[in-house]
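Notes to accompany the following structure.
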Amino acid sequence: MQYVSTRGSAPKLSFEDTMLTGLARDGGLYVPETLPVLSHDEIAALAGLPYEEVAFRVMRPFIGETFTDEEFRAIIDRAYANFGHVARAPLKQIGDNQFLLELFHGPTLAFKDFAMQLIGQLFQEALKRRGDRVTIVGATSGDTGSAAIEAFRGLDAVDVFIFFPDGRVSEVQRRQMTTPAEANVHAMALEGDFDDCQAAVKDMFNHFEFRDRVKLAGVNSINWARVLAQVVYYFTAATALGAPHRKVSFCVPTGNFGDIFAGHVARKMGLPIEDLVIATNQNDILHRTLVNGAHVKETVQPSISPSMDIQVSSNFERLLFDIYDRDGAAVAQQMEALKDQGGFTISQGALERLREGFASGRASEEETSATIARIYEETGEILCPHTAVGAKVAAEAADPATPMVTLATAHPAKFPDAVEAAIGIRPGLPKRMADLYERAERLRHVPNALPEIEAAIEGSIRA
Ligand SMILES: *Cc1c(COP(=O)(O)O)cnc(C)c1O
């Protein structure tokens, strides 16, 4: 299988090169040239299989020649071995035909573990075979960085440096980044905010001499392998609820559009998904896009669901490519307008295709808190604020005849302040990480200055 750029002018790549490259050289994102389609019988046969087996069958066609079946099975097994639930992504009923898909049983308690754990093992295998190594740098507002450090710790082909805004991540998020003891992972507290962290990472990638010297690589949410890993749980959930014999809908708390785009891929592979519902918090650029066809940035308003506080939703470009009939030049033009003029209007035909496939809704801060309280009262389940945004929108979008699955993207203990404010209960960490607050922390403070940052990296990599 070959991968093409959404902007149409970068070389086609194999799965392995797509994964190791990340962003395409024309500024676009890589997507498969054609999507594999599973037959009705192949989908029916997935029901009830172990998560790892479904993962193998769903992802195998995308891998091409990069790994043998045996290697790929071993990679998947290692990726999900540290999850705290045998089902990996269990379903829980919260109302008539309303379900939660719990994606927070991984090592850092958010759905990002599904993709990051896999990508850690994929990188390690591919690099080991090439006799090569890389330095991974990333910026985080919390969840991505902890998932990356957890996924790459102890892997000998990779050194990881995660930059987070000093003093601006939650204590659980910070400790998840600073307590792993392995020498190849580094939590970097940068003097500045999240935008400064992102800018620093971008500057390193644009400093080609440094980039080549340390073999810089990225694992941010535009990496195709991350999207691919997330396609799997749409299949496990839908087949558990009766697919392919009946349709299932999903409501997805959305920021960078990676998780919901994986649902779009699952549907194109033949999974009978009725609605894919985009749920946003008060940072509602995607909801506004569906309502009026204008994709226009505003300033980010910090919320109690911080992992969705986003105005530029990078993976939305992948959907644009599809709704513009895979016209890379048209996508490139729209993305230029987003950068230079802060927005663009979607063409009428593309908007119709967008609305055929997706619905949307938003939750204000008050509605998010009220939903945490309502679900707790009705079911005893405690939701994290991101999941609550999803549950609020799902309740509005639900059609009683079709199961509606809300993706539960994080464990409530990751966001204890918002939960306590809503229901007066401070959610505790799962037993397997109850000692997080006692573990020793290790972090490095860096100024917001490129030379110092690069020197800190070069002084720490194991070459
Ligand atoms: C990252 C994240 C999201 C948003 O997911 P996208 O793939 O960026 O749309 C939602 N909830 C939580 C808890 C997250 O960490």
Side-chain angles (χ1 to χ4, degrees), residues 82-84 102-113 116-117 138-153 160-182 185-198 200 253 255 281 283 300-310 365 368-369 372 376 382-389 408-448:
N82 292 330
F83 277 51
E102 293 186 348
L103 301 176
F104 52 71
H105 296 284
T108 70
L109 306 179
F111 82 89
K112 294 195 170 66
D113 288 326
M116 211 62 95
Q117 287 289 323
T140 187
S141 56
D143 289 340
T144 303
S146 52
I149 284 181
E150 192 58 48
F152 285 94
R153 65 192 199 148
V160 178
F161 297 83
I162 297 297
F163 293 85
F164 65 93
D166 194 13
R168 300 194 206 194
V169 297
S170 82
E171 185 175 1
V172 173
Q173 289 173 326
R174 189 192 71 233
R175 286 181 172 275
Q176 284 180 333
M177 291 189 275
T178 59
T179 56
E182 287 82 356
V185 292
H186 306 268
M188 312 291 276
L190 186 125
E191 241 170 57
D193 60 20
F194 174 58
D195 289 339
D196 295 324
C197 294
Q198 271 195 308
N281 65 21
N283 297 291
V300 173
Q301 307 280 338
S303 79
I304 56 172
S305 44
S307 303
M308 295 156 64
D309 290 347
I310 252 172
E365 295 289 272
T368 305
S369 296
I372 296 175
Y376 180 63
I382 299 179
L383 305 188
C384 94
H386 308 77
T387 308
V389 168
T409 51
H411 191 286
K414 257 193 134 161
F415 304 94
D417 297 336
V419 173
E420 190 173 18
I423 57 172
I425 296 170
R426 206 167 172 80
L429 288 164
K431 259 199 217 99
R432 66 201 150 91
M433 53 192 75
D435 66 341
L436 185 67
Y437 288 93
E438 277 92 65
R439 293 182 208 161
E441 291 193 77
R442 181 173 60 96
L443 79 170
R444 186 142 172 192
H445 291 272
V446 281
N448 185 15

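In this chain, numbering begins with 1 at the start of the sequence shown.
- The two residues Ile372 and Ala388 come nearest to each other via the heavy atoms CG1-CB, 3.5 Å.
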(request) Applying side chain to side chain contact (heavy atoms under 4.5 Å, CB included), run through Met308 and Thr409 and close with a yes or a no. (result) CA-CA 11 Å; Met308 295 156 64; Thr409 51; 5.7 Å; no
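- Residues satisfying the side-chain hydrogen bond (donor to acceptor under 3.5 Å, both in side chains) criterion with Glu182, sequence neighbours excluded, are absent altogether.
- For Arg442, there are no side-chain hydrogen bond (donor to acceptor under 3.5 Å, both in side chains) partners at least two apart in sequence or on another chain.
- Side chain of Asn448 to backbone of Gly192: no donor-acceptor contact under 3.5 angstrom is found.
- Between Gln176 and Leu436 there is a side-chain heavy-atom pair separated by less than 4.5 Å.
- Shortest non-hydrogen contact noted between Pro107 and Asn82 is CD-O, 4.0 Å.
- Residue pairs meeting the side-chain hydrogen bond (donor to acceptor under 3.5 Å, both in side chains) criterion with at least one member in residues 427-436, sequence neighbours excluded, are Asp435-Arg439.
- Atom CZ in Arg174 sits 10.0 Å away from atom OG1 in Thr179 (nearest 0.5 Å).
- For Phe163, there are no ring pair (Phe, Tyr, Trp, His ring centres under 6.0 Å) partners, not counting sequence neighbours.
- For Leu443, the side chain to side chain contact (heavy atoms under 4.5 Å, CB included) partners are Phe164, Thr178, Ala187, Ala189, His445, not counting sequence neighbours.
- Considering every non-hydrogen atom in both Pro165 and Thr140, the closest pair reads CD-O, 3.3 Å.
- Among pairs with a residue in residues 411-432, those fulfilling ring pair (Phe, Tyr, Trp, His ring centres under 6.0 Å) read Phe104-His411, His386-Phe415, at least two apart in sequence or across chains.
- A heavy-atom distance below 4.5 Å is not found between the side chains of Ile310 and Asn283.
- Take Ser141 and apply the side chain to side chain contact (heavy atoms under 4.5 Å, CB included) test, not counting sequence neighbours, and it matches Phe194.
- Between Met116 and Thr144, some side-chain heavy-atom pair lies under the 4.5 Å cut-off.
- For Asp417, the side-chain hydrogen bond (donor to acceptor under 3.5 Å, both in side chains) partners at least two apart in sequence or on another chain are Arg426.
- Side-chain contact between Pro430 and Leu109: present, with at least one pair of heavy atoms (C-beta onward) separated by less than 4.5 Å.
- Remark: Asp143 pairs with Gln173, Ser307, Lys414 by the side-chain hydrogen bond (donor to acceptor under 3.5 Å, both in side chains) rule, at least two apart or across chains.
- Proximity of a side-chain donor or acceptor of Asp309 to a complementary backbone N or O of Ser303 within less than 3.5 Å is detected.
- The CD1 atom of Ile304 sits 5.0 Å away from the OG1 atom of Thr368 when rounded to the nearest 0.5 Å.
- In this structure, Cys384 and Ala410 approach most closely via the heavy-atom pair CB-O, 3.4 Å.
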(request) Any chance you could lay out the side chain to side chain contact (heavy atoms under 4.5 Å, CB included) test for Met177 and Val169, step after step, and finish with the verdict? (result) CA-CA 10 Å; Met177 291 189 275; Val169 297; 4.3 Å; yes
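- With sequence neighbours left out, the ring pair (Phe, Tyr, Trp, His ring centres under 6.0 Å) criterion links Phe83 to Tyr80, Phe114.
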(request) Determine, step by step, whether Tyr376 and Leu383 satisfy the side chain to side chain contact (heavy atoms under 4.5 Å, CB included) criterion, reporting the C-alpha distance in whole Å, the side-chain angles of both residues, the deciding distance to 0.1 Å, and the verdict. (result) CA-CA 8 Å; Tyr376 180 63; Leu383 305 188; over 6 Å; no
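- For Glu365, the salt bridge (charged side-chain N to carboxylate O under 4.0 Å, His left out) test picks out no residue, with sequence neighbours left out.
- The salt bridge (charged side-chain N to carboxylate O under 4.0 Å, His left out) search around Arg175 returns Glu171, Glu441, not counting sequence neighbours.
- Closest heavy-atom contact between Ala413 and Gly428: CB-O, 3.4 Å.
- One finds the CD atom of Glu102 at 15.5 Å from the CZ atom of Phe111 (value rounded to the nearest 0.5 Å).
- When all heavy atoms of Asn281 and Ser305 are compared, the closest pair comes out as ND2-OG, 2.9 Å.
- Between the CG atom of Asp196 and the CG atom of Leu190 there is a distance of 6.5 Å, given to the nearest 0.5 Å.
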